[in-house]
Chemist: 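Before I ask anything, here is the structure I am working with.
Source: prediction; values computed, not measured.
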Amino acid sequence: MLAEVALPLPLFRTFTYAVPERLRHPLVPGSRVVVPLRTGKEVGIYLGPGDPRSLGSAAPKAILDAPDAEPSVTPALLAVCRWIADYYIVPLGVALRCALPALLTGAAAPEPAQRTRRVATVRRHLESLLHRERIFGRAPQQRALFELLESFGGRAAVDHLTERMAFSPSVLKGLVARGLVEVRDEIVARDPFASRAGSATPPVPSAEQRAAVEAIAAGRGGETFLLHGVTGSGKTLVYIELLRQVLARGRGAIVLVPEIALTPQTVDRFRGAFGDQVAVLHSALSDGERYDAWLALRRGEKRIAVGARSAIFAPVADLGAVVVDEEHESSYKQGESPRYHAREVAIVRARAEGAVVVLGSATPSLESWTNAASGKYRLLTLPERVGGARLPAVDVIDLRVGIPRSTLDAPRLPDPSVERGALTVEGVLSRELQLALADRIEKGEQSILLLNRRGYAAYVQCNNCGDVATCPNCSIALTYHRTPEQLVCHYCLHTEPPRVKCARCGGPTLRQRGLGTQQVERILAERFPAARIARMDVDTTGAKWAHTEILDRVARGEVDILLGTQMIAKGLDFPNVTLVGVIDADTGINLPDFRASERCFQLLSQVAGRAGRGPKGGRVLIQTRVPTHHAVRCAVRHDYGAFVGEELPSRMAPAYPPAVRLANVVISGTDETATAELAQKAATWVERLLARAPGDAVRLVGPAPCPVERIKQRWRWHFLLKAERPAELTRVARYFLERFAVPKRAGLRVALDRDPVALL
DNA sequence: AGCACGCCGACT
DNA sequence: GTCGGCGTGCTC
């Protein structure tokens with residue numbers, strides 16, 4: 001008796017093992033099996049009876065163990081993984097591994113969830129000051145740490161002391177060695193979402209919301225709905241009412257959100273409505289906690305999984321609905337193999353399980369929009385904000401001429417990029433935006449400011465020769481950060497001390513150019529000294545729950561101005577926010593990427609939607625140098641339809657999605673010429689392959705160096721495969737990946753990204 | 001991806 | 001004379 005087993009190896013084939021007489025549990029497709037591989041063991045998934053012909057001449061090895069009574073992968077999930085393997089052209093074992101919690105992919109038996117944390121506790125109290133002096137003498141660091149610990153009530157987490165408070169572990173070790181402090185592992189159950197209570201009574205749905213809920217609830221299994229609702233139109237309530245019906249029928253549901261840490265408010269509402277029926281799957285869960293949630297869903301103890309991308313694999317029993325909130329968000333695409341898009345997987349899974357899918361967005365992706373237009377999805381629209389709220393008025397401030405179009409008379413605005421040294425208030429905030437901010441502060445209302453670039457200055461340039469400080473590992477300018485003061489590469493995280501002179505010519509004057517959130521924070525603090533300003537970008541939210549903390553402060557009214565990068569544009573619902581300012585709408589609009597306009601429109605629309613969610617109404621001010629660009633114009637009018645009308649034609653020639661399907665083939669290596677040569681060779685290889693087939697079902701574009709031609713010391717080239725029909729693209733791409741030989745030198749690699757979300 | 005097998009430099 | 005560098009080849 002032979003068994004076909006998928007293993008998580010980068011090989012496009014399965015393995016055949018012998019089934020021993022006695023196994024702990026019967027084999028069902030989807031069962032985990034422990035098998036011998038080379039000299040060690042590996043965990044694989046049993047797929048079905050094996051084919052003796054696939055064995056070489058060698059005798060098959062025998063399966064060692066079948067550790068689970070029930071298959072870990074349900075038939076529907078197995079079908080989904082087969083689809084992922086086929087569509088994204090990855091080995092089945094790789095797709096299966098990413099569908100299971102980490103604990104189940106190792107050979108070790110899963111353990112119950114226990115999160116431990118190292119905690120330092122004061123063991124000996126030092127009463128007199130004299131005593132202190134004697135004990136610490138020449139150890140001021142130890143004394144400082146000891147006293148800090150006392151001020152924390154005698155105990156604190158070790159990583160808090162070392163990471164946040166920047167104490168060296170050796171200082172702590174010294175205290176421990178002297179018996180003053182004790183360090184222990186403590187079991188903690190600190191899931192911040194576990195304790196967050198949701199709002200008690202959800203609002204009553206409007207007639208429009210109710211109609212949408214009824215339409216979706218009556219949907220056939222596998223049917224997909226595109227819920228297009230303007231910001232503040234109450235899409236979340238539609239999801240909640242839908243899930244109520246799904247649960248009433250005894251079924252379960254998955255809710256996907258772009259990044260769970262950024263949308264605590266949305267998560268709270270599901271928690272509030274469904275209590276502990278909800279498993280929140282977020283990145284801070286330990287492997288054990290994740291496994292616990294997996295089990296609870298699998299057993300039907302919890303019926304709703306809420307989480308980011310990977311929650312689409314949650315083993316919800318009897319799945320009735322999948323919600324993809326903010327379906328246009330690029331975080332649904334996994335950046336590494338398997339490079340799946342959770343929205344597409346959701347649709348495939350729903351079809352396999354007879355569930356309905358809801359894709360919700362105020363600014364749907366062009367792909368989803370055309371699918372709705374062609375009848376593939378059913379379009380549902382929520383055209384109005386709930387509770388009689390109006391969409392905010394949006395005004396554009398044209399930075400080119402420095403003359404606001406409004407009645408206010410402002411001075412001519414200098415171009416920030418030609419300012420010398422530090423920028424001034426006038427170079428960053430137009431008079432009108434300053435007045436609007438002052439007005440909100442005076443009235444006790446809140447403002448949100450968007451600048452989609454973190455750091456202090458975008459780059460540093462020599463005043464003499466014009467040389468820009470670049471990363472030694474990537475072909476990217478280093479960003480100047482002020483706290484801590486260093487140059488940072490936003491691609492590979494390389495950091496180096498700030499330069500005092502030009503690295504090329506030795507010139508002494510280095511100019512900081514371009515604007516980052518840190519600098520705007522400084523400028524705001526100067527201009528509005530009394531205002532309480534919070535900055536939110538990946539630099540301030542490094543610690544696990546910092547996002548949630550900042551947003552909680554805003555919700556409690558402890559912040560007057562929330563300044564941040566795109567992470568403040570998503571899903572926030574603060575009724576007291578009456579002003580949204582976009583400091584520079586142009587960031588990113590001219591990137592060499594076919595989705596640059598779409599992303600800009602989405603960002604502007606989403607951030608504008610944060611204003612005027614309460615009875616006081618709201619206003620949006622957008623500063624830009626390209627006021628005539630359709631992404632800006634259409635966002636100003638809240639006119640999604642007009643944006644699509646102008647954007648779609650530009651995707652026809654040269655053809656880009658949704659007019660065609662894309663695969664981006666990236667060739668990378670540590671040697672510049674070897675990489676370029678391989679890219680050339682691979683493209684020629686595909687060219688010949690395409691020439692053999694009649695017609696132009698698949699076209700090749702390139703090869704060319706990637707827009708960022710070096711990342712993390714690797715040179716990068718790419719070419720594109722375009723096709724009208726997805727099946728043709730699959731065939732060509734699969735044939736290429738399986739047959740084209742990549743030489744094993746200079747770290748050469750070929751990666752294929754199907755339906756790429758960006759070409760950078 | 002790992003991991004073993006296999007041929008050439010600087011150490012006891 | 002060995003210890004070990006990482007090039008290449010295979011995994012039922």
Chemist: Taking only Lys NZ, Arg NE, NH1 and NH2, and the carboxylate oxygens of Asp or Glu, determine whether A:Glu353 and A:Arg349 approach each other closer than 4.0 Å.
Modeler: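 Counted as a salt bridge, because a side-chain N and a carboxylate O are separated by less than 4.0 Å.
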Chemist: Between atom CZ in A:Arg745 and atom P in C:dT8, what is the gap in whole Å?
Modeler: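 That distance rounds to 9 Å.
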Chemist: Take the protein atom CZ of A:Arg38 and the nucleotide atom C1' of C:dC12, then report the distance between them rounded to whole Å.
Modeler: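 Spelled out: CZ on A:Arg38 to C1' on C:dC12 is 12 Å.
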Chemist: Any idea which of B:dA4, C:dC10, C:dC12 is nearest the A:Leu37 side chain?
Modeler: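 Taking heavy atoms from C-beta onward, the closest nucleotide is C:dC12.
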Chemist: Looking at A:Ser668, A:Pro707, A:Pro703, which one forms a side-chain contact (heavy atoms from CB on, under 4.5 Å) with A:His718?
Modeler: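 Of A:Ser668, A:Pro707, A:Pro703, side-chain contact (heavy atoms from CB on, under 4.5 Å) with A:His718 is met by A:Pro707 alone.
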Chemist: Could you work out which one of B:dA1, B:dA4, C:dC12 sits closest to the side chain of A:Pro60?
Modeler: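 Output: C:dC12.
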Chemist: Return the value, rounded to whole Å, for the distance between atom CG of A:Leu748 and atom P of C:dG7.
Modeler: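 Computing the A:Leu748:CG to C:dG7:P distance gives 13 Å.
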Chemist: State the CG-CD distance between A:Asp68 and A:Glu70, to the nearest 0.5 angstrom.
Modeler: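 Going from the CG atom of A:Asp68 to the CD atom of A:Glu70 covers 9.0 Å.
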Chemist: Out of B:dA4, C:dC10, C:dC12, which nucleotide sits closest to the side chain of A:Lys744?
Modeler: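 Output: C:dC10.
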Chemist: How long is the line joining CG of A:Leu7 and C1' of B:dA1, in whole Å?
Modeler: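 Nearest whole value for this atom pair: 12 Å.
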Chemist: Between B:dA1 atom C1' and A:Leu11 atom CG, what is the distance in whole Å?
Modeler: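 Rounding to the nearest Å, CG of A:Leu11 and C1' of B:dA1 are 8 Å apart.
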Chemist: Figure out the CZ/P separation between A:Arg53 and C:dC12, and round it to whole Å.
Modeler: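 About 21 Å, once rounded to whole Å.
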Chemist: Working to the nearest 0.5 Å, report the span between CG of A:Leu662 and CG of A:Leu759.
Modeler: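 The CG atom of A:Leu662 sits 6.5 Å away from the CG atom of A:Leu759.
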Chemist: What is the distance, to the nearest angstrom, from the CZ atom on A:Arg13 to the P atom on C:dC10?
Modeler: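 It is 10 Å, rounded to the nearest whole Å.
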Chemist: Rounded to whole angstrom units, what separation is found between the CD atom of A:Glu42 and the C1' atom of C:dC12?
Modeler: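 That distance rounds to 13 Å.
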